[in-house]
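What follows is a single structure, written as structure tokens, with notes after it.
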Amino acid sequence: MMEECSKGSGAACSPKLLDLIPKEMEWAVAKGKNGDVERSSVEIRKLELRLGLPGDDEWSLKNTNTAKNMNRERDHHDSLFSLGYFNHGHHHNHHHHFHHHQPSHKAGSHEMSPQVGPVAGSSSSSVWFNQQQQQLAPPSSFLQFPTTTKAATDKQQSSCLLLPTVAKESSQLCCTKVGAIDLQQGPAEKKAFSPPAAPPTPANTAVANSSQKRTAPGPVVGWPPIRSFRKNLASSSSSSKQQQTTDSQSGNPNKKAATSDKPVEVCKKGMFVKINMDGVPIGRKVDLTAYDSYPRLSTAVDELFRGLLAAQRDSSAGGNINKQQQEGEEKAITGLLDGSGEYTLVYEDNEGDRMLVGDVPWHMFVSTVKRLRVLKSSEVSALSLGCSKQEKMVAMK
Amino acid sequence: MNYFPDEVLEHIFDFVGSHKDRNSVSQVCKLWYRIESYSRQTVFVGNCYAIGPERVAERFSGLKSITLKGKPHFADFNLVPPDWGGFVYPWIEAFARSRVGLEELRLKRMVVSDESLELLSRSFPNFKSLVLVSCEGFTTDGLAAVAAYCRQLKELDLQENDVEDHRGHWLSCFPESSTSLVSLNFACLKGDINLPALERLVARSPNLKSLRLSRAVPLDVLQRILIRAPQLLDLGVGSYLHDPDSENYNKLVTAIQKCKSVRSLSGFLDVAPHCLSAFHIICPNLTSLNLSYAPGIYDNELIKLIRHCHKLQRLWILDCIGDKGLEVVASTCKDLEELRVFPSDPYVGQAAVTEEGLVAISRGCQKLNSILYFCQQMTNAALITVAKNCPNFVRFRLCILDPTKPDAVTQQPLDEGFGAIVQACKGLKRLSLSGLLTDQVFLYIGMYAEQLEMLSIAFAGDSDKGMQYVLKGCKKLRKLEIRDSPFGNAALLMDVAKYETMRSLWMSSCEVTLGGCKALAKRMPGLNVEIINENDQMEFVGGCDDDRQKVEKMYLYRTLAGQRRDAPEFVWTL
């Protein structure tokens, strides 16, 4: 490997190659300074021209084009992509040969090409590896990293040195200075290349947020990847826990607002349950994850139905149950939770039982509720909720 | 090849067990294909839409046991709408028509209706074993049919299914003459159970080796059951709530002492943790312990229990055990091979284990080969240490609860750590990634993970290159599932032939467009490329503007059965 290395690249490249790796940190540091960047990238360009890719024509084409685009901020994705695309057909066994001879030798300097893409990874990585091995201490794999985190700097350095870091290399050497600089300045660099000992640069967080897909503030659908079966465990067992002395440990599910992903609704963020009100033919849906307590839910129910109820009363002929209400005026729906109002809030749980809202802790309620109903309080007392089996049968509809 | 009579070949093939090997055997020549096909008794179909049941029945005339898997893995996490598919009914019906002598049916992530269970129970007189994992669509009425009509039933194993409980008395549907039961697991049922019927059933089942109870079975019944069935090997405790001073508890202790054969313990669905000490006596015999359904057990109780479990090979627990608890595991359970640590609070913030616990485990448990670890944070250094300590991983699944969290100490991506894992663990077959990851990690995976068969990616990578590295490098890849990662058409279309060497590919919330999927479908007619379009996110009006729309969910799989006919409206097969 050594031989191949020196064969194609020539002495001139070695010091440059070496320099580039440890200077990763400098890249990051120097990214704002055009001068340094300029210099190194010029060296890179020379390197590029010397080392050709198997797909040589496209390569140099890309090369020259992008050489002009040194300071452009975009396109690094495109350039990396197309280079990878060109190369894909050429090498297939690359990954086996990190420590062995390259299988797909081609005569001349092609082997030495620091290629972009997976192909690049293998052949250039071997190259890198051996060069580095020669020049530095001989840890040959990940496994020899110092394990203490105090040696973060060393680790970072050695990790850069020893591992085939095609993305980095490609950005440094190959393709495009655009690619190089952009990659440095782009998300990958900000994540990967910042000086290990330094605290996270503001760039880190900026980048992390720029890739919108991958920031996940708050609950994300299907995350964390555990089955619904498990998500409901914490809340459903909390009833038993209430009977015991609580050594408040981190495993205590009572603390948590178990807004579980129980598929009451299909794969949506938030948990929407149907809510119907006596006397109102059209139901609503309410997102339980938007509330964290019963009073809030009660207020929401009031808001949802106040208008509808008023409309119903307007349209119903003649005498109202509640004489205090004037036509056209909306009356607040209160006392839903304590039986004091005209209406009472009940729900149907996962076992099909109709239950009074408010008995259990909120998170437990959220995890077991299937739908809500706003019943006339007069009916509620007649129904003896959740007690007798007969009622259950009836209520299960 | 013609030297041996068929019977001899058949006899030789009997020794070839794994379905992969049998598949290879059948490729040798026509004769071997024929003999292998009629002599194969156990068939594995990893994707129920990859082939039609008629064809399976036709080829494997001696079929006795079949395993079917339906929905894609991400369905477990609510990423697949219900009604997507995975119905077992057509299979049961086809087998019934073809008079397959079905004895065993094992299903995972399939929709099982009561009708299918009824048909099953009536169509196969020798039916012995029903195992349902993560299935749905049936009720206790279906179970009643199975109990009543499967006269030779030995195994009824319901794992984590979503069963609608009609509170029928399915347990009492086991005829009084039924004494063949070996394994009964109904832990996932939520409703009431006919307790006397259960006790009678256990009493008349002398071969019962595995019994996992649901929450509805209280302590006193448990105690009586244990007295009746001291020969149990595998016990799942239902409800474990009681007063430690009660007579019931004392009786339980006595009963447990008699259960010297129990090797596997699980359940504790409702639990009074202080009373776990009753089980300490059987802990030294345990090889498998699953306390992951029991959030009520605090770390100190867990630790006390685990200290007795020297022979443990498999441990599933909740993260409330904490890093300290894991250290105890590491020092006690030297034979540990599989560890799963689940989050007790599924939402970000409160996981009680960190990279330290994982490192401790790796130091203490040299035989560890399978891990699923939900944690608060991770570092490259820890992963590298773990890789060094445990090069034998076959399954390595790490889930940091905050999906794009970097190395907790250095704030770097976790590329290096995972890279170390794939490099050190030469036999790695399954990998799940999490944390902040760039294309680099995929380069490592492509380079080193030669045996990798299943890879799960979420919120990772920077560009198409990431996915391309994987597709190029992982020759043995069978299942690839990706969500919320910036891989687009270039990656998707890079090597379309590869998908025929794989079982399936799932991509959701990526950069793949409708045009890319169409192109893929066009080039590869042997694949079903399904677009799952819930909520009418996409318009399929026609015209090239459509094609630039991003596809929210795509699932493709190789198939011999062509486009499936049971796809719902929101699934388009291109």
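All heavy atoms count here, side chains included; hydrogens, waters and symmetry mates do not. None of the values given here were measured: they were computed from a predicted structure. Chain letters run A, B, ... following the sequence lines, proteins first and then strands; every chain starts at 1.
Residues B:Asn78 and A:Val221 share a closest heavy-atom pair of O-CG1, 4.2 Å. Nearest heavy atoms, B:Cys188 versus A:Phe229: CB-CE1, 3.6 Å.
Once rounded to the nearest 0.5 Å, the distance linking NZ of B:Lys190 with OG1 of A:Thr368 reads 11.0 Å.
Side-chain contact check for B:Phe374 versus A:Pro225: some heavy-atom pair is nearer than 4.5 Å.
Heavy atoms of B:Ser239 lying under 4.5 Å from chain A are absent altogether. Heavy-atom distances place no part of B:Leu372 under 4.5 Å from chain A, backbone and side chain included. Of the two parts of B:Arg397, neither the backbone nor the side chain holds a non-hydrogen atom closer than 4.5 Å to a non-hydrogen atom of chain A. Using a 4.5 Å cut-off between heavy atoms, B:Asp83 makes no contact with chain A at all.
Residues passing the salt bridge (Lys or Arg N to Asp or Glu O under 4.0 Å) test with B:Asp76 are A:Arg227, B:Arg109, sequence neighbours excluded.
Between the side chain of A:Trp223 and the main chain of B:Leu401, a donor-acceptor pair closer than 3.5 Å is present.
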